[in-house]
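First the structure, in the form of structure tokens, and then the observations on it.
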Amino acid sequence: MHLLFVEDEPRLARAVKRALQEEGHVVDWVADGLDAYEQARVESYDALLLDVMLPGLSGLDIARRLRAEGSTTPILMLTARDAVPDRVAGLDAGADDYLVKPFALSELLARVRALGRRAAGSTGEQLSLRVAGLELDLRRHEAIREGKRIELTAKEFALLELLMRHPGQVLTRTQLLDRVWSYDTPVESNVLETYIHYLRNKVDRGFDRQLIRTVRGAGYSLRDA
Ligand code: CA
């Protein structure tokens with residue numbers, strides 16, 4: 001999708017932009033609200049991702065103005081934690097969905113995919129992923145291997161989904177932490193190793209072929225054959 005991403009916090013903006021690009025989106029990043037509003041009027045976007053607090057013009061004002069002008073481009077509003085009035089205001093202003101900061105990038109990517117489906121009016125939602133005899137049921141949030149159903153927690157599911165969407169590819173610690181936890185997770189955190197351990201116990205234990213591979217000094221990957 002062609003996305004306009006409006007965010008004035010550079011570190012967050014870089015992490016989000018990179019994740020969106022890795023997912024195959026074309027991203028225009030703008031830090032100022034007024035610039036963003038003007039760009040949204042002249043360019044044709046598939047969706048807008050708007051931070052609320054922005055210099056120039058707030059995300060709410062951008063949404064309000066565009067809707068008043070008849071724009072139907074899907075809008076995802078990014079709001080500060082606990083700012084409940086913000087969320088309600090965002091939907092009132094014409095946003096289609098909102099996400100509370102700090103968010104996991106995997107959650108953001110899922111919301112963007114949902115916006116894309118809504119915009120396309122598509123019902124052809126992908127229901128499962130399959131890699132090397134392992135199936136991931138995207139609706140039930142469970143894995144299936146050789147007929148055995150494996151229940152997963154939300155984080156285990158997000159981690160396995162990310163590995164399965166990039167089979168055979170090494171994903172770095174930073175990529176995995178950013179996407180499955182949050183862009184502000186310290187890189188020295190051992191939460192990733194803990195969850196890889198949980199996933200191995202559920203997905204690989206008792207099978208001859210170990211699918212989750214540690215790539216020393218680099219990250220993790222899922223064997224694709
Ligand atoms: Ca901001």
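Atoms considered below: every heavy atom in the structure, side chains included; atoms not considered: hydrogens, waters and symmetry mates. Start at 1 and go down the list; that is how both ligands and their atoms are numbered.
Residue Glu9: no N/O/S atom is found under 3.0 Å from the Ca ion (ligand 1).
Ion pairing between a basic and an acidic side chain is recognised when a charged N comes within 4.0 Å of a carboxylate O; Arg65 and Glu69 show no such pairing.
Side-chain atoms of Ser221 do not come within 3.5 Å of backbone N or O of Gly168 as any donor-acceptor pair.
Closest approach between the Ca ion (ligand 1) and any N/O/S atom of Asp8 involves OD1. The Ca ion (ligand 1) sits nearest to atom OD2 when only the N, O or S atoms of Asp51 are considered.
Taking the six-membered ring where the residue is Trp, Phe157 and His141 present parallel rings, their angle staying beneath 30° rather than reaching 60°.
Side-chain atoms of Thr174 and Arg18 form no donor-acceptor pair, as typed in the model, at a separation below 3.5 Å.
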